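What follows is a single structure, written as structure tokens, with notes after it.
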Amino acid sequence: MAGPLEQFEVKPIVDINVGGLDLSFTNSSAWMVLAATVVTFFLIGSMRGRALVPTRVQSMAELTYELVANMVRDNVGSGGRPYFPFIFTLFTFILFGNLLGLIPGSFTFTSHIIVTFAMAAVVFVGITIIGIVKHKARFLRLFLPAGAPWWTAIILIPVELMSYLSRPFSLAVRLFANMTVGHLMLKVIAGFIVPLGVFGLLPLTGLVAVYALEVLIAIIQAYVFTILSCIYLHEALHLH
Amino acid sequence: MPQFDPSSFASQIFWLVVVFGALYLLMSRIALPRITEVLDLRSERIADDLDKAESLKRETEQVIAAYEGALEKARGEASAIMAKVAQNLAEQSTAREQAFNSELADRIAAAESRIARARDQAAAQVRDIAGELATEVTAKLAGAAPAEAAVEASVDRAMTGDR
């Protein structure tokens, strides 16, 4: 019986070594490619008909498009349009990474802190650069809420700065922790089924329930990651 | 935990960048413009259809208004014609009645005058007959004919009623 942590192991499929750096194509990379492929087929394949009256799959692709478009419109507001493709890619990539990871025996690349942190860091650094380019020195006003008395700056600026700098970590840890804990729980509960014999039915029922919950969490966490990115982008573009 | 083993970090970041970058390009260059195009086309088409429906509705309303106007006009004309005909009929009937009445009056007058004449004649004849009768009755009874003047006087007296 495999341990509950085994599912997170990164195993190389094709060894690649560039200048002493291990860039092997691993099971993690394979599932990333698969997620991207599914997204591409889902969005490009379903729209091939370009039907005026959409088919079921086309309708789903359009719904996903409109979900993210509304998210960007409502949370980023004016000036958010150029970042829509990035936000859309972020959402679909995380969503399908989470969902494909729920297939038994698969690998969940979003359960790896380095992957979620890399995405969060790109979002954070990108948004900070956008804010500085757009507002120059006025960008620093982000750390002092408008209307606060000047002497409160001594406390407020460090606090705001801390909360700003902790954003990529909270983004990364939230997704990573949700995925990891969910998969651990599934594995641990599943481990009880066979040894308990007839009474294994009990953990099996629990497993089905937890699995359903995990599907929901997979969607919600993709949504949360994306919507928080949108809110941070809104702040950088409009300064509060 | 395998997540905190840094030996796989480089590979994971590298492949994440590659795959995410490729997906970004596919989405921003191909997938999203296509969906935008389809959605725009659809909303345009719907707006078009709504416009068309609106203009057709307006046209229909115009036609209905024109039809109702024509109907109203025809009704007005019909009632005018009917009023005229009724007036004509009334005039004709009064004229005929008047003509009839005057003719009736004429005829009545003529008849009355004829009757009066006949009565006068009859009265005159009755006087003559009474005179002759009186003369003959007197001659038979008395044996001698009375004087004509006396007879006429007594006949006149009898006819006027004072004996």
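Numbered from 1 within each chain, the chains take letters A, B, ... in sequence-line order. No experiment lies behind these values; they were computed from the predicted model shown. FYI, side chains are in, hydrogens and waters are out, and symmetry mates aren't considered; it's all heavy atoms of this structure.
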With a 4.0 Å cut-off, would you call R58(B) and E61(B) a salt bridge? no
Go through the steps for I108(B) and E112(B) under the test side chain to side chain contact (heavy atoms under 4.5 Å, CB included), then give the verdict. CA-CA 6 Å; I108(B) 288 171; E112(B) 273 175 353; 3.9 Å; yes
Heavy-atom distances under 4.5 Å only: say whether [X] touches chain B with side chain, backbone, both or neither.
{"X": "I16(A)", "result": "side chain"}
{"X": "L21(A)", "result": "side chain"}
{"X": "Y65(A)", "result": "side chain"}
{"X": "F117(A)", "result": "neither"}
{"X": "T37(A)", "result": "neither"}
{"X": "A35(A)", "result": "neither"}
{"X": "P54(A)", "result": "both"}

Passes side chain to side chain contact (heavy atoms under 4.5 Å, CB included), V39(A) versus M27(B)? Steps please. CA-CA 9 Å; V39(A) 170; M27(B) 292 294 112; 3.7 Å; yes
Check: F86(A) ring centre within less than 6.0 Å of F20(B) ring centre: yes
Taking the six-membered ring for Trp, are Y232(A) and F124(A) closer than 6.0 Å centroid to centroid? no
